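I have placed the structure first, in the form of structure tokens, so that the comments after it can refer back to it.
Letters A, B, ... are given to chains in the order of the sequence lines, protein chains preceding strands, and every chain is numbered from 1. All figures in this text were calculated on a predicted structure; none of them were measured in a lab.
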Number of protein chains: 2
Amino acid sequence: MKGIRQLADHLDISIGTVSRALNGKPDVNEETRRRVLAAAEELGYVANQSGRSLRQGETKVIGLMIASSKETVENADNFFLGVTSGLQSVFARHKLDLIMLPCPNDEDPHEYLKRMVARRIVDAMIISETQRIDRRIDLLSRAKIPFITLGRSLSASNATWIDLDFEGVAKRAVERLIARGHRRIAITVPSSEINLGYIFVEGYRHALEQHGIPFDPSLVIRVKSSEQGGYQAAHELLLLEERPTAVILIYELMAIGLYRRLMESGVMPGRDLAVIGFRDAPRSRFLQPSLTCFRMSLHDLGVKLGRMLLANMPAYAEFYSGDGRNTIWPLELVPGESDVFQVAVKA
Amino acid sequence: MKGIRQLADHLDISIGTVSRALNGKPDVNEETRRRVLAAAEELGYVANQSGRSLRQGETKVIGLMIASSKETVENADNFFLGVTSGLQSVFARHKLDLIMLPCPNDEDPHEYLKRMVARRIVDAMIISETQRIDRRIDLLSRAKIPFITLGRSLSASNATWIDLDFEGVAKRAVERLIARGHRRIAITVPSSEINLGYIFVEGYRHALEQHGIPFDPSLVIRVKSSEQGGYQAAHELLLLEERPTAVILIYELMAIGLYRRLMESGVMPGRDLAVIGFRDAPRSRFLQPSLTCFRMSLHDLGVKLGRMLLANMPAYAEFYSGDGRNTIWPLELVPGESDVFQVAVKA
């Protein structure tokens, strides 16, 4: 790779002039500028922004840390790619680039992030899949790297976060089912320490209690957030002594595995068991009967996430003064046929 | 963020000793080392690897450039996440990290890559979705950045590449259909300038000619690589004057849209039209009748890609001396019910 010195030598022009030509300064004549740019292209000159960044203390790169677990891969989740386009639409205005940092599934996310911070390739970070206690938040706070979390955490009291409205989803699902006569309503939650599971169960428990239905821990089914987890959840549901009449799912692809296991046992979703799914996903649109679930725009979520992050970065805060506050992101109910049946009221 | 000087001041120890303690040098006593590491943790000290890299000329980071087009997002393609785990398993041995560089869908990939190269955040690059003529290859060659392409290109005569066996897939699909009496066999290809489309059609054309069937350009259907593209392909197929009896698809999710459009017209895949899909994908496993398609391990492809890249990097080449050659990656046929019907032989 050629540097500016080789370029100046090749053209027999001073380094200062070459630099001014490359940087579009007005005091270079047009012919010289053309010669410099042509030679730069020909010789493969690339400005050393790494050196520049070190002086300015910025890389103009924002990192998005994602888990690349076996589950994420097999389930081909479009969540992060969807959010990416929204983030980029905001960052592009400031000539900032987004890179994705996929944490290997056999590595501790805290250690991984520590190493990526040490590499100094990003000016700011977005972390996701926040755990109930998440040491990454401390790490970024202490390293004084601007960041935002996609997801709440007990560790995030001083951090800015945006999170999906898990309480709202749980509440509306429970109320919809209660209105149709259901009282034994099961719920699935992730088997990991991811924080959203706690929030989801709290919303469910609260909504039940508001309707005078006691919380029954045996109806909280902990499984992996995957199609396979859905299969497992159905399996456990069917083994319960007094079978619930409805189930609320936490993860978009669970419905696929759940339907399969139910049908294997001759239990028809929407007729024998009411099912409410979580996020609308392309893969679950083929389910028969169609799934009642919730919808959101990933692009819009990405836009808001980007604005909130920049509101926390001194260089950009002035443009996003209204975007700094923690945000609960709403989801809209999409009625399907999977929860249409009414429970017969006992005399 | 605290630097080494603040750390030394805080501990009242010389910078040299702090540095030796942090770097695990043996001439520091155990008690001092413990104090230094504890303070480093407490104060949020992070080694400035950017400075280190600048001196050593390496970042220990490998970039994987991916397109984040609207199609990729909507189709929730798991291709790159699948390859990532394989790449990471190779890179981890050398303490190299993989980052993903998602090119925004409204930006020219060449300009995007130029900027990312200028940012100097990666030691080497993997580029994918190679176009028939791909200026990114020239750019990386001239910038003297080690790279490998996932996909062939007319521009890649001096580059190392790995590519899926598109010819082999086209050939086996054609031969399987010919053996069942088909002679009017349609094929779908991407409407873009992506190179794989050219290779796929060449393989198809060659296989037909080997069996004495003339190539008919009207049977080559150019559509987007998406579910919607599959819908469109079926639509165009149904409008052809002499309808083909079979179709070969290029992209994994096309089958879903194609099935839908066919069924809307009462045309049953596997009974009225033989269908052979491309890569086996979780989302297409729910199709009825089941899809005949091809299978590969994304993880293993990632491993090979990683090994080939390192074989091209001076610092690692010695470990991968057998991995430097261009590679055609095989796919295995998965028979389904979508291509079972035989064409009646005319008397």
Inset, instruction - Quick one: closest heavy-atom pair of A:K95 and B:R119, and the distance? - result: O-NH2, 3.2 Å
Legend entry - Heavy-atom proximity to chain B below 4.5 Å, by part of A:V122: neither
Legend entry - Choice from A:I99, A:L101, A:L98, A:D97 maximising heavy atom contacts with chain B below 4.5 Å: A:D97
Legend entry - Donor-acceptor pair, side chain of A:E107 and main chain of B:A92, under 3.5 angstrom: no
Legend entry - Euclidean distance, A:M100 CE relative to B:L64 CG, rounded to 0.5 Å: 10.0 Å
Legend entry - Rounded distance (nearest 0.5 Å) linking atom OG1 of A:T59 with atom CZ of B:R120: 14.5 Å
Legend entry - Contacting moiety of B:I256, where chain A heavy atoms sit under 4.5 Å: side chain
